[in-house]
Amino acid sequence: KNEVEQSPQNLTAQEGEFITINCSYSVGISALHWLQQHPGGGIVSLFMLSSGKKKHGRLIATINIQEKHSSLHITASHPRDSAVYICAVRAEDTGNQFYFGTGTSLTVIP
Amino acid sequence: EPEVTQTPSHQVTQMGQEVILRCVPISNHLYFYWYRQILGQKVEFLVSFYNNEISEKSEIFDDQFSVERPDGSNFTLKIRSTKLEDSAMYFCASTGAYEQYFGPGTRLTVT
């Protein structure tokens, strides 16, 4: 059973393209996180969302609580954006348990 | 910028041995977590810790696992008798007001 589904699994884009990564989840949540995992394995938190939209530089994250869906957008993509992007949700009924998606592997070609 | 640190970065151990993975969370954070990621698989939640006790744990976190905050700074994960399938990257994280901060991970290899 996958509480969190991401699409696409793999994505290759040309530098400068607008990128969208999607996340759907099946459980009630108190928060959703977008994470970036670098090739070396390190994980960086990009956003935490409980509603609406957040923007940080070229990254935008949105969430629709009713539809149980979130998107991560990257504008003007760059090769340094190449990484695995992971959606993780904090389940509402188990206050501190997190469920992770399998990640979207993004490669941006110069 | 504050960061979560983990030691060691890589641990090799023999099956059946006990290992302790160490983490120093960000000092004013209150919630602490351990996750694992088996090579090529997704990150999995192991346990969360708040106010000096476990607040949530997953099915993976069986009696072979334990966590401790032995002093005001360290947060440890102990695996009592390691199995081959415990080989994975183990991440510690701590939470402030909004985001989770992840440590760089400890790669555990059980031979």
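Just so we're on the same page: letters track the sequence lines, and every chain starts at 1.
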Side chain, backbone, both or neither: which part of A:Ile86 has a heavy atom under 4.5 Å from chain B?
side chain
Please list, in residue-number order, every residue in residues 46-64 of chain A that has a heavy atom less than 4.5 Å from any heavy atom of chain B; write 'none' if there are none.
A:Leu46, A:Met48
Cluster question for you: counting only ILVMFWY and a side-chain heavy-atom cut-off of under 4.5 Å, with indirect links fine, are B:Phe75 and B:Tyr50 together?
no
Around atom CG of B:Asp62, are there more than 12 heavy atoms from other residues, nucleotides or ligands closer than 6.0 Å?
yes
Verify the cluster assignment for B:Leu21 and B:Phe45: are they in a single hydrophobic cluster under the rule of side-chain heavy atoms below 4.5 Å apart?
no
Per-residue contact mode, B:Gln37 against chain A (heavy atom under 4.5 angstrom):
side chain
So B:Ser48 and A:Gln97, side-chain contact (heavy atoms from CB on, under 4.5 Å) or not? Walk me through it.
CA-CA 7 Å; B:Ser48 61; A:Gln97 182 151 350; over 6 Å; no
Is it true that atom CZ of B:Arg69 has more than 12 heavy atoms of other residues, nucleotides or ligands lying nearer than 6.0 Å?
yes
Do A:Gln37 and B:Phe91 come within less than 4.5 Å of each other through their side chains, counting heavy atoms only?
yes
Please examine the side chains of A:Ile43 and B:Tyr35, heavy atoms only from C-beta on, and report whether any two atoms are closer than 4.5 Å.
no
Determine which residues belonging to residues 78-88 of chain B lie within contact range of chain A, meaning some heavy atom pair is under 4.5 Å apart, and list them by number or answer 'none'.
none
Applying a strict under-4.5 Å side-chain criterion to I, L, V, M, F, W and Y, I'd like to know whether B:Val67 and B:Val24 cluster together.
no
If you take the centroid of each ring, where Trp contributes its six-membered ring, are B:Tyr33 and A:Phe98 closer together than 6.0 Å?
yes
Could you look at B:Phe49 and say if it's the side chain, the backbone, both or neither that has a heavy atom under 4.5 Å from chain A?
neither
Please indicate whether A:Glu15 has more than 12 foreign heavy atoms, meaning atoms of other residues, nucleotides or ligands, lying under 6.0 Å from its CD.
yes
Taking side chain as everything from C-beta outward and backbone as N, CA, C, O, which of these in B:Ser55 sits under 4.5 Å from a heavy atom of chain A? Side chain, backbone, both or neither.
side chain
So if you build clusters from Ile, Leu, Val, Met, Phe, Trp, Tyr with side-chain heavy-atom gaps below 4.5 Å, do A:Leu35 and B:Tyr101 land together?
no
Mind checking whether B:Ile54 and B:Tyr90 sit in one hydrophobic cluster, side chains of I, L, V, M, F, W, Y counted as touching below 4.5 Å?
yes
